[in-house]
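Residue numbering restarts at 1 for every chain, and letters A, B, ... go by the order of the sequence lines.
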Amino acid sequence: MVSERLTSMSRPVVTRFAPSPTGYLHIGGGRTALFNWLYARGRGGKFLLRIEDTDRERSTPEATAAILRGLTWLGLDWDGDPISQFERRDRHAEVAHEMLRRGTAYKCFSSQEEIAAFREASKASYAVFRSPWRDVAAENHPDLPYVIRMKAPQSGQSEIKDEVQGSVIIQNDTLDDMICLRSDGTPTYMLAVVVDDHDMGVTHVIRGDDHLNNAARQQMIYDAMGWEIPVWAHIPLIHGPDGKKLSKRHGATGVEEYQAMGYPAAGMRNYLTRLGWAHGDAEIFSTTEALAMFDLAGIGRAPARLDFKKLENTCGHHMAAMEDAALLHELVAFMQVAGLPALTDAQKDLMSRGLYCVKDRAKTFHELLEKAHFMLVSRPIVADEASAKSLDSVSRGILNSLTPQLQNASWTKADLEQILTNAAAENGIGFGKLAAPLRAALAGRSATPSVYDMMLVIGQTETITRLNDATV
RNA sequence: GGCCCGUUCGUCUAUCGGUUAGGACAUCUGGUUUUCAACCAGGCAAGAGGGGUUCGACUCCCCUACGGGCUGCCA
């Protein structure tokens, strides 16, 4: 592992996330953003956003909005306004021309047809294209459209000092003179990233390892302009459960889909942080703890597979640990995204009083809602198939006999406990046999919080009314 | 084809030349229990294959296999 360069350690960290606005925020992109965010924020640095919208055909404002929504949901905040790469095209062109002046780039008049013909002819050898214009003096240039190509070294090697991949050596003769400025005057990606990262003061480039090879060429631009090369950290991509590249076939690929599936953002952050990164045995941790622990050295080099079981488990821990108010707030947002009807004020009120007894039994918001059903239904309560079985004539009779005692109860947990255990004993049944019909009557479900908690939450009047409903 | 990266239990991973290869999720067995969730105790389970280097390799080097990436006037 290469240690961080001194120059970079002496200035504040600036990272960035640079998505192409061609669709929703991919879960892999979300993790890349998270790593950048953790690294910068954990060090008091800046986390910037750049929208790589130079591909005018595929870029849409809707996609940009979706990406920002995804980041916001994940809790990743960025500094300043997102930067549009497209709007910086003049600056990119300016740098290309500066390279021309410096002699580190040249005008190439080869047409796309000529290049295509070269590729066709050298299909077998896969030779790299060598422009015949590399060393042609300006006075011999024709009056034709041209591109500006990087005058890259053709021998020797380039070293990428990568914090994750270690030292990576690329032979310079395998690289062609990449195009920096197209014949229509627009910049290519390779030029634009370097110029933007430099101008934005990015100190650490943390991105997918599909860019590892690109780093060698990008370094050449930094060198050509005399700019300082940032610290590289190329992280492996996320794969589906079967080890293949994550695709729609695997289910959810978009961050917002995970929100709709009901995973709490804190759990998602925790899980995603641990996916491809480790710090000893740390598994369940808060974002504050993650910020303190996160480092580049802990990032693994192999692609990690998404494991929904572990995601759920992680989310369960966070769900239980969340403050009631925050949990309710996130639940409301979730219901909106999932297209569920909004909670009424009465429901919210009940929920804020009863969340304590459901949050540690759920791993997703869908489960939370299911467990909270007793707070959300309105009478008459219809017992579902499983719970209806426990409402036979015998148990109805027992429930009915409970009513007078409940009417006189002080409605504390201790009091209710005494009434119910006595009732079970008097009827010669185990407590479980009594709890089942109570669940059916109070919630219409067989999987619910403790019967005591339900009674406490909905209150005396409502409890008795529901029992009466069930016994008629 | 060329170049680059990767490969520890089913999964996420720890290990940075000497460990009974550890933890977590999942799974299995028992316990607890008021259903669900949880909890407690325990079990199963791993260094891709082959060569080196070394007193000693999961760890360092090479080869092979498999997976991934790059090889655009896409990003």
Tell me which nucleotide, if any, is Watson-Crick or G-U wobble paired with B:G1 when both distances must be under 3.5 Å.
B:U71
Separation of B:U35 atom P from A:L442 atom CG, nearest Å, is 16 Å
For A:H211, all residues meeting ring-ring contact (aromatic ring centres under 6.0 Å, His included), sequence neighbours excluded
A:Y189
Quick tally for nucleotides 23-28 of chain B: nucleotides whose base has a protein heavy atom under 4.0 Å get B, sugar-phosphate-only ones S, the rest -, giving BBSS--
Distance check, P atoms only: B:U27 and B:C4, in whole angstrom units.
43 Å
Could you go through A:E52 and A:R50, starting from their C-alpha distance and side-chain angles, then the distance that decides it, and tell me whether this counts as salt bridge (charged side-chain N to carboxylate O under 4.0 Å, His left out)?
CA-CA 6 Å; A:E52 307 216 320; A:R50 182 174 70 233; 2.9 Å; yes
Using atom P of each nucleotide, how far apart are B:C73 and B:G68 to the nearest Å?
25 Å
Looking only at N and O atoms, is any donor in the side chain of A:R301 or the base of B:C5 less than 3.5 Å from an acceptor on the other one?
no
Set of side-chain contact (heavy atoms from CB on, under 4.5 Å) partners for A:A425, sequence neighbours left out:
none
Whole-Å distance between B:G72 P and A:L181 CG?
19 Å
Contact check, residues 20-31 of chain A vs RNA chain B, heavy-atom distance under 4.0 Å, returns A:S20
From CG of A:D453 across to P of B:U35 the rounded distance in Å is 14 Å
Interatomic distance, A:Q165 CD vs B:C4 C1' [rounded to whole Å]
9 Å
Side chain of A:A302 only, please: which of B:U11, B:U34, B:G6 is the nearest?
B:G6
Using side-chain contact (heavy atoms from CB on, under 4.5 Å) as the criterion, point out the one residue from A:N36, A:V205, A:L49, A:I206 that pairs with A:R16.
A:V205
Does A:F86 have A:R56 sitting over its ring (NZ/CZ under 6.0 Å from centre, angle to axis within 45°)?
yes
For residues 413-437 of chain A, which residue pairs qualify under side-chain hydrogen bond (donor to acceptor under 3.5 Å, both in side chains), counting only residues two or more places apart or in two chains?
A:S410-A:D415
Restricting to salt bridge (Lys or Arg N to Asp or Glu O under 4.0 Å), what partner residues turn up for A:R58, sequence neighbours left out?
A:D55
When you compare the protein's N or O atoms with those of nucleotides 65-71 of chain B, which come within less than 3.5 Å of each other, and at what distance?
unit_1: B:G69; atom_1: N2; unit_2: A:N213; atom_2: ND2; d: 3.2

With sequence neighbours excluded, tell me which residues meet side chain to side chain donor-acceptor pair (under 3.5 Å) with A:Y222.
none
So ring pair (Phe, Tyr, Trp, His ring centres under 6.0 Å) across residues 435-455 of chain A, not counting sequence neighbours, yields A:F431-A:Y452
Would you say B:A75 has OP1 or OP2 under 4.0 Å from some side-chain N or O of A:R56?
no
So which protein N/O to nucleotides 57-64 of chain B N/O distances come out below 3.5 Å?
none

Which listed nucleotide (B:U35, B:U13, B:A75) is nearest to the side chain of A:R58?
B:A75
Not counting sequence neighbours, list each pair that qualifies as a side-chain hydrogen bond (donor to acceptor under 3.5 Å, both in side chains) and has a residue in residues 266-282 of chain A.
A:R269-A:T287, A:N270-A:H318, A:R274-A:E283, A:W277-A:D295
Could you give the CD-to-C1' distance, from A:Q157 to B:C3, as a whole number of Å?
13 Å
Before we go on, tell me: are the rings of A:F109 and A:W133 under 6.0 Å apart, centre to centre?
yes
Could you check how far CG of A:D295 sits from C1' of B:C16, rounded to whole Å?
14 Å
Between N or O atoms, less than 3.5 Å apart, protein on one side and nucleotides 40-43 of chain B on the other: list the pairs.
none

CZ of A:R439 versus C1' of B:A37: gap in Å, rounded?
12 Å
What is the distance, rounded to the nearest whole Å, between atom CD of A:E114 and atom C1' of B:C73?
13 Å
Determine: side-chain N/O of A:S183 to OP1/OP2 of B:C73, distance under 4.0 Å, yes or no.
no
